[in-house]
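Contents: one structure, followed by commentary.
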Amino acid sequence: MSETSAASAASTAKKPLFDRHSLTALIIPLIIEQFLAMLIGAADTIMVSSCGEAAVSGVSLVDTINILLIQVFSALATGGAVVAAQYLGMGKKEDAKESSKQLMIVVLVVSLIVTILSLITHRPLLRVIFGSIDNEVMANAQIYFLLSALSYPFLSLYNGGAALFRSMGNSKISMITSFFMNGLNIVGNAILIYGAGWAVFGAALATLISRILGAIYMIWLLLKKDNPLSISGILHTRLSWKMVRSILVIGVPNGIENGLFQVGKILVASLISSFGTYAITANAVSNTLAGLEIVPSSAIGLAMITVVGQCIGAGDDKQTAEYTKKLMVLSYIAMLICNLLMTFGCPLLISFYNTSAETAQIAKELVWIHSLMGIIFWPASFTLPNALRAAGDAKFTMIISMLSMWLCRIGMSFLLGVYFNMGVQGVWIAMTIDWIFRAALYIWRFARGGWKGKKVVS
């Protein structure tokens with residue numbers, strides 16, 4: 001390489017890949033999208049609560065399974081987003097488009113397999129996981145699970161498309177689609193729950209319809225040929241095992257990590273179900289409110305995939321570190337504001353749910369545990385590892401997540417919740433111990449530079 005070419009390359013490497021405007025344009029729509037999803041989830045729970053605590057309990061139990069499967073789909077989408085972002089960072093536009101097609105094919109195939117298995121095994125699966133819960137709770141759980149399973153392929157296509165738009169820095173599309181889907185869901189709930197009186201069936205059907213329409217809209221946008229990650233011609237596309245392998249290098253460890261994490265949460269949910277309906281309902285309400293607290297930090301974690309992925313693709317480790325630190329500072333500021341607001345506002349929010357006084361008191365205690373500990377440990381536990389994944393260091397995050405879940409969250413849940421008779425409060429304290437363990441190791445890994453040299457595309 002000539003001296004002029006070398007100087008030009010060095011100059012290009014030093015040019016900031018993201019300015020303040022582009023970061024703001026990426027993060028703000030993600031925060032809005034995440035808030036919309038959580039608010040609609042809270043509204044969904046409130047609407048279902050009008051049908052009684054058995055309905056809320058049935059839906060919340062099935063949601064632990066739904067989240068497990070959704071996390072698997074999201075993990076594959078993350079793998080595709082990392083690959084596409086790294087190709088974009090390298091300037092390989094055609095390879096980026098091809099990786100987008102490969103991602104959409106993979107998520108569709110996987111989700112169809114999961115749907116078929118779920119429909120076939122739904123009865124024994126629910127019995128094995130949740131055991132001897134009330135018959136009314138189980139009946140609601142079966143209805144909700146069946147219709148949820150039918151929505152998996154559409155949800156996976158939406159997630160894949162949303163991840164692709166984010167990887168190119170265009171998060172407005174996923175925000176608009178989320179607004180469209182969630183708006184339909186809430187209107188559908190109002191009509192089918194209150195109007196038709198279909199209770200849990202109505203809530204599940206509204207969700208299914210909204211996910212179908214959301215997936216159709218997302219695919220329509222991706223088929224446009226002027227889209228940087230267009231999937232035009234996907235029906236004539238053959239699987240490229242090289243690209244699929246690159247997607248799976250991130251997606252499989254992330255899927256295993258998320259899957260086992262949710263399996264652990266299902267075991268914990270099963271443990272909580274043994275504490276009675278009060279504990280189940282308080283846990284469901286608290287999970288919804290706690291989810292609102294983490295929305296901005298979670299959105300910043302999604303932005304990490306785009307920013308770090310493109311920096312790694314450009315071969316610029318210095319900018320990778322700088323942007324990661326900048327986004328982590330934003331994550332902590334957002335977490336501080338949201339959690340302090342929730343600490344003082346949760347009694348009012350809990351009052352919106354149609355629960356007993358005992359359930360409301362337990363829920364308030366759980367939210368306070370989550371709020372006070374989340375300010376310190378949540379961003380390092382869940383926002384920072386996205387930077388490691390986007391750099392190609394997904395195996396490390398998988399190993400730490402598995403160890404932390406089984407040793408800290410599950411082990412300590414049984415110790416505190418059962419042995420020390422602390423009930424569901426003990427389970428939530430065990431969750432914060434899990435955060436501390438993860439945070440320490442992820443910070444150590446990032447500081448030592450263990451993520452360097454792990455780019456998944458070439």
Side-chain angles (χ1 to χ4, degrees), residues 17-18 23 26-27 30-31 34 71 74-75 77-79 81-82 85-86 163 166-167 250-251 253-258 260-261 290-291 293-312 316-339 370 373-405 407-409 431-456:
L17 292 173
F18 295 88
L23 285 177
L26 174 63
I27 293 171
L30 286 173
I31 292 175
Q34 296 296 304
Q71 289 293 334
S74 297
T78 297
V82 169
Q86 291 192 6
R166 292 176 196 133
S167 68
I250 303 297
N254 196 21
I256 293 173
E257 174 186 343
N258 291 346
L260 290 179
F261 180 78
E293 294 178 334
I294 65 174
V295 164
S297 290
S298 179
I300 292 168
L302 291 174
M304 281 277 196
I305 299 294
T306 300
V307 174
V308 172
Q310 290 196 26
C311 289
I312 291 293
D316 198 326
D317 289 346
K318 181 179 179 181
Q319 286 199 62
T320 299
E322 289 175 350
Y323 282 122
T324 299
K325 292 173 184 176
K326 181 180 293 186
L327 290 174
M328 285 301 297
V329 170
L330 290 175
S331 182
Y332 269 102
I333 292 172
M335 200 71 181
L336 175 64
I337 294 171
C338 289
N339 285 26
H370 188 279
M373 297 299 288
I375 292 172
I376 305 171
F377 299 109
W378 200 94
S381 303
F382 294 99
T383 305
L384 181 58
N386 266 1
L388 300 176
R389 295 183 190 105
D393 199 16
K395 287 183 180 179
F396 179 81
T397 63
M398 176 189 70
I399 292 169
I400 297 306
S401 178
M402 290 168 57
L403 286 174
S404 186
M405 167 57 74
L407 293 178
C408 298
R409 187 171 300 207
M431 174 181 66
T432 65
I433 295 172
D434 170 35
W435 297 349
I436 295 169
F437 182 83
R438 290 167 185 266
L441 290 174
Y442 290 146
I443 291 171
W444 170 81
R445 180 70 166 186
F446 181 77
R448 287 180 60 91
W451 47 272
K452 295 179 180 179
K454 296 186 180 292
K455 184 164 66 174
V456 295

Test item: R166 and I305 side chains (from C-beta on) under 4.5 Å apart, heavy atoms: no

From CD1 (I300) to CE (M328), nearest 0.5 Å: 9.0 Å

Side-chain donor or acceptor of Q310 paired with backbone N/O of L17 under 3.5 Å: no

Using residues 373-388 as the side-chain source, report each donor-acceptor pair under 3.5 Å to any protein atom, sequence neighbours left out, with the distance given to one decimal.
unit_1	atom_1	unit_2	atom_2	d
S381	OG	F377	O	2.7
S381	OG	W435	O	2.8
T383	OG1	S297	O	3.2
T383	OG1	S331	OG	3.3
N386	OD1	R389	NH1	2.6
N386	ND2	G301	O	2.8

Nearest atoms (heavy-atom pairs only) where A81 meets S167: O-CB, 3.5 Å

L302 side, atom CG; T78 side, atom OG1 - distance, nearest 0.5 Å: 7.5 Å

Residue pair V82 / A390: nearest heavy atoms and the distance that separates them: CG1-O, 3.6 Å

Closest non-hydrogen atom pair, A299 against Q34: CB-CG, 4.0 Å

Polar side-chain atom of Q71 near backbone of N254 as donor-acceptor pair, under 3.5 Å: no

Counterpart residues, ring pair (Phe, Tyr, Trp, His ring centres under 6.0 Å), relative to F446 (two or more places apart): W451

Closest non-hydrogen atom pair, M304 against T324: CE-O, 3.6 Å

Residue list, side chain to side chain contact (heavy atoms under 4.5 Å, CB included) with K395, at least two apart or on another chain: P253

Reported CG-to-CZ distance for the pair L403 and R409, which is rounded to 0.5 angstrom: 14.0 Å

Nearest atoms (heavy-atom pairs only) where M431 meets H370: CE-CD2, 3.7 Å

L260 to M405 - nearest heavy-atom pair and separation: O-CG, 4.1 Å

Which residues share a side chain to side chain contact (heavy atoms under 4.5 Å, CB included) with I333, sequence neighbours left out: V329, I337

All ring pair (Phe, Tyr, Trp, His ring centres under 6.0 Å) counterparts of F18, not counting sequence neighbours: Y323

Q86 side-chain N/O to V456 backbone N/O, donor-acceptor pair under 3.5 Å: yes

Value rounded to 0.5 Å, distance of CD in E293 from CE in M335: 6.0 Å

Exam field: side chain T397 to backbone A394, donor-acceptor pair closer than 3.5 Å: yes

Sequence-distant partners of L26, side chain to side chain contact (heavy atoms under 4.5 Å, CB included), two or more places apart: L30, S171, A303, T306, V307

